[in-house]
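First the structure, in the form of C-alpha cells, and then the observations on it.
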2 protein chains.
Amino acid sequence: MLHLKQDHSELVVLSVLAEDPSYGYAISKEIAARSQGHFKLSPSAMYPLLTKLEKQGLVTTSWEEIKSRSSDPDATGRKRKWYTISPKGSKRLTQHIENQQRVLKILNGFVPTSLRDSGMGLA
Amino acid sequence: MLHLKQDHSELVVLSVLAEDPSYGYAISKEIAARSQGHFKLSPSAMYPLLTKLEKQGLVTTSWEEIKSRSSDPDATGRKRKWYTISPKGSKRLTQHIENQQRVLKILNGFVPTSLRDSGMGLA
DNA sequence: TCAAGATATATCGAAACTTGATATATCGTG
DNA sequence: CACGATATATCAAGTTTCGATATATCTTGA
C-alpha cells in the first residue's frame, strides 16, 4: 500500500471527478480499484480534503436523498453528498499536472547518471 | 520557486551526495544551481533533514576544521560538517527512485485521457 | 581598516498536515 | 434480524514544514 500525500490525493480526486461527479465513499472505492489497491484514501483523509476543495471553489456540492426501500414511509433515508468539478477545478487539475511534469523534469536532473542511464529516470 | 516536499528533498540530497561527499551549505547551493533556482532547501529544512539521514545511517559525517588565514594563530577557525552517503543510503536512493516510478505510473492512470493524450501524462 | 555580504551550522515555534480511532446512522442480504 | 457494507464526519496525537532567529567566521572592496 503506497502512501498518498496531499498533493497526490488532490490530483487523484480531481482526476476522478474530471470524468464524472461522484461522492466520498465512491471516490475512495474508485481510487482503490483504479490503483489495484495500491492507493488508499481513508475517510479521515478524504473528507477534510473534499471540504478543502469545496472551500476553494474547485468543486461544487449537492445533497441527494437516497430513497429507502423500507416499508416505513417516514424513514429519513441516507444522504449522499455529490461533488462536481468546477471550471476552476478543471483549470487547477491541468496546472497541477503541468507542475508535476516540471518538478519531475528538474528532479530527474538530480538522479545520478548511472541510475538514469539504466532506465531509472523519472522523466 | 517550486516547493520541495520532504520526499523530494531526501531524493535530491541523496542524489547530490551520491556523486560526491558535501556539506550543508554546499548542498543547498548545488540544489539551487542544478535546478536553475527552482528548488530551494532553506537551512531550516536542510539541517533537520541531514540530521535525520545521519540518524538513519544513510550518511556518515565528519568535521573539518577550516584553516583560517587570519594572523591570529589562536583563531578557532570555522567548522564544516561533511556528509558522505553510506551503502545503506545508496540502496535507499535506488529504492526511492523505483518507488517514485511506481507511484508515477499508477498516478498516470488517473490523469484524464484527454490530458494524457495531449502529452500531459506523468509517466 | 572596517563594514558588509558571503560562508556555515543550527534551533525555535506556529501553522499545516496526516491518520488511526471513533461516532453515527442507514442499507442490503442471507 | 444480525452483520457487513454503505456513507459522512470529527477528534486527538503525532509528524512535517518553514520563516524567523541565533551565532560565528571568512572575504572583499571602498
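It should be emphasised that the depicted structure is a prediction, and the values quoted were computed from it without experimental measurement.
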- Check DNA chain D against residues 10-17 of chain A and give the residues with a non-hydrogen atom under 4.0 Å, in numerical order. none
- Message: Parallel, tilted or perpendicular, judged at 30° and 60°: which one describes the rings of Phe39(B) and Phe110(A)?
- Response: parallel
Side-chain donor-acceptor distances from residues 49-58 of chain A under 3.5 Å, at least two apart:
residue	atom	partner	partner atom	Å
Thr51(A)	OG1	Tyr47(A)	O	2.9
Glu54(A)	OE1	Lys81(A)	NZ	3.3
Glu54(A)	OE2	Thr61(A)	OG1	2.9

- Tyr25(B) side-chain N/O to dT7(C) phosphate OP1/OP2 under 4.0 Å: yes
- Task: Look at all strands and tell whether Trp82(A) reaches a base, only sugar-phosphate, or nothing, counting heavy atoms closer than 4.0 Å.
- Result: nothing
- Item | Atom of Pro21(B), atom of Thr84(B) and distance for their closest heavy-atom approach | CB-OG1, 3.6 Å
- Exactly one of Tyr23(B), Trp63(B), Tyr25(B) clears ring-ring contact (aromatic ring centres under 6.0 Å, His included) with Trp82(B), and that residue is Tyr23(B)
- Return the minimal non-hydrogen interatomic distance between Val13(A) and Leu41(A), and the atom names on each side. CG2-CD1, 3.7 Å
- Message: Whole angstroms only, please: what is the CG-C1' distance between Leu41(A) and dT18(C)?
- Response: 11 Å
- Query: Of all heavy-atom pairs between Ser35(B) and Ile106(A), which one has the smallest distance, and what is that distance?
  - Reply: CB-CG2, 3.5 Å
- Message: Distance check needed: dT16(D) C1' versus Lys5(A) NZ, whole Å only.
- Response: 9 Å
- What is the distance from NZ of Lys79(B) to C1' of dT23(D), rounded to the nearest Å? 13 Å
- Note on the structure: Of all heavy-atom pairs linking Val111(A) and Ser15(B), the shortest is CA-OG, 4.1 Å
- Between CG of Leu11(B) and CD1 of Ile97(B), what distance do you get to the nearest 0.5 Å? 5.5 Å
- When the distance from CD1 of Ile66(B) to C1' of dA24(D) is rounded to whole Å, what number comes out? 12 Å
- Starting at atom NZ of Lys81(B), determine the distance to atom C1' of dT11(C), rounded to an integer number of angstrom. 13 Å
- Query: When the distance from OH of Tyr23(A) to P of dT26(C) is rounded to whole Å, what number comes out?
  - Reply: 18 Å
- Spacing of Asp7(A) atom CG relative to dA16(C) atom C1', expressed in whole Å: 13 Å
- Item | Integer-rounded Å distance: dA16(C) C1' and Lys55(A) NZ | 13 Å
- Would you mind telling me which residue lines up with the more 5' stretch of DNA chain C, Gln6(A) or Ala26(B), judged by nearest nucleotide? Ala26(B)
- Item | Nearest listed nucleotide, side chain of Lys29(B), among dT8(D), dT7(C), dT26(C) | dT7(C)
- Return the minimal non-hydrogen interatomic distance between Leu93(A) and Pro112(B), and the atom names on each side. CD2-CG, 4.0 Å
- Residues of residues 44-52 of chain A with a heavy atom under 4.0 Å from any atom of DNA chain C, listed by number, are Ser44(A), Ala45(A)
